[in-house]
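Chain letters run A, B, ... following the sequence lines, proteins first and then strands; every chain starts at 1. Just so it is clear, the model here is predicted, and its values are computed rather than measured.
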There are 2 protein chains.
Amino acid sequence: MPVELSATQALTLWHTVSLDQVRIETGDLTLRQMAILLHIYLVPPPHTVRGLAATLGVTKPVITRALDTMGERGLVERVRDARDRRNVVIKRTVTGALYLEKLGDLIIDRGRRLSL
Amino acid sequence: MPVELSATQALTLWHTVSLDQVRIETGDLTLRQMAILLHIYLVPPPHTVRGLAATLGVTKPVITRALDTMGERGLVERVRDARDRRNVVIKRTVTGALYLEKLGDLIIDRGRRLSL
DNA sequence: GAAAACGAGAACGCTTCCGTAACGATTTTC
DNA sequence: GAAAATCGTTACGGAAGCGTTCTCGTTTTC
């Protein structure tokens, strides 16, 4: 079932959610970090550094650094691949799932409040 | 008319739009810059540095710098207030309106493609 | 099994953003 | 009209992100 939005609704939704994200101030994630996090949790595994770099269209160190930062906050976890020990598999965590659950609730709430 | 989203829909929408934003790579805006830009264009004027700082919950230099960056790209414009010459009024531009129009189209398109 | 290919991370120099603290210009207060 | 308050900006030191290049361990190739 598609979601039909008017131009004003689309931008207002983005506006209110962005504003909340800035204000919440738990050290907001970069746009890239957010994209990586969402990708890990919404697309079926496995996820590797190389794969994410290709998906986002950025270089590998960008992914490594983003995983460093998000790893410190417990949002993701890294595990060496047992079958090919060159690879690192990125794993989801409870903390990360909770973080995105809150974001989802926020978007839903802001969508519900849209009028016009 | 409110917009009803499921948890998966909400996050998938955020995911796809963020991914596009990262990939489009016209020098992506910071989360804060995006919030400022949307605020200027969606909330009735006038907008001042002090007001924006209070709204976003950040310090004034953050707003000044964001306006510098976005001003260079023609997304906003600064004009001294004639009545109180201490104030600077932030003005919208055609370039900025076009930029947000494209973003709106993107969100609408991604919303339309949502299934489940 | 030696050499080439591959994947992730570290090192480097650079750019950009951050908050605090100060500064000039302007307006308000008394 | 002198002093205090207000507004935006600049200056500064520090933190974090960027892409390029390289290093190191691992796997594949021949």
Worksheet item: For the helix from C:dG1-D:dC30 to C:dC30-D:dG1, how many degrees between its two end axes (five pairs per end), to the nearest 10°?
Response: 20°
Item to complete: Let me know the distance between CZ of A:Arg83 and P of D:dT28, rounded to the nearest Å.
Response: 12 Å
Worksheet item: So what does B:Arg65 touch, heavy atoms closer than 4.0 Å: a base, only the sugar-phosphate, or nothing?
Response: base
Worksheet item: Given the rule in the side-chain contact (heavy atoms from CB on, under 4.5 Å) test, do A:Leu103 and A:Gln21 qualify, once you have shown the distances and angles that lead to the verdict?
Response: CA-CA 9 Å; A:Leu103 174 61; A:Gln21 285 280 105; 3.7 Å; yes
Worksheet item: Within this structure, what is the CD-to-P distance between A:Gln33 and D:dA15, rounded to whole angstrom?
Response: 18 Å
Worksheet item: B:Arg73 has an atom CZ; how far is it from atom P of C:dT16, in whole Å?
Response: 12 Å
Worksheet, complete the sentence: Tested for side chain to side chain contact (heavy atoms under 4.5 Å, CB included) against B:Arg110, the lone hit among B:Leu19, B:Thr12, B:Leu13 is B:Leu13
Item to complete: Nearest-nucleotide wise, let me know which of A:Ala66 and A:Asp81 is further upstream toward the 5' end of DNA chain D.
Response: A:Ala66
Discussion item. Could you tell me how far apart A:Leu31 (CG) and D:dA16 (P) are, to the nearest whole angstrom?
Written reply: 19 Å
Discussion item. Can you confirm whether A:Arg50 is buried at CZ, in the sense that more than 12 heavy atoms of other residues, nucleotides or ligands lie under 6.0 Å from that atom?
Written reply: no
Worksheet item: Of all the choices, D:dC18, D:dT20, C:dT27, which nucleotide is nearest to the side chain of A:Thr59 once you look at every atom?
Response: D:dT20
Worksheet item: How does protein reach along nucleotides 4-10 of chain C, written 5' to 3' as B (base within reach of a heavy atom under 4.0 Å), S (only sugar-phosphate), or - (no contact)?
Response: --BSBBB
Practice prompt. Could you tell me the separation between the CD atom of B:Glu72 and the P atom of C:dT15, rounded to a whole number of Å?
Written response: 14 Å
Response to the item:
Partner of A:His47 under side chain to side chain contact (heavy atoms under 4.5 Å, CB included), picked from A:Ile40, A:Leu67, A:Ile63, is A:Ile40
Fill in: Interatomic distance where CG belongs to A:Leu56 and P belongs to D:dG19 [whole Å]
11 Å
Worksheet item: Does CZ belonging to B:Arg78 count more than 12 external heavy atoms closer than 6.0 Å?
Response: yes
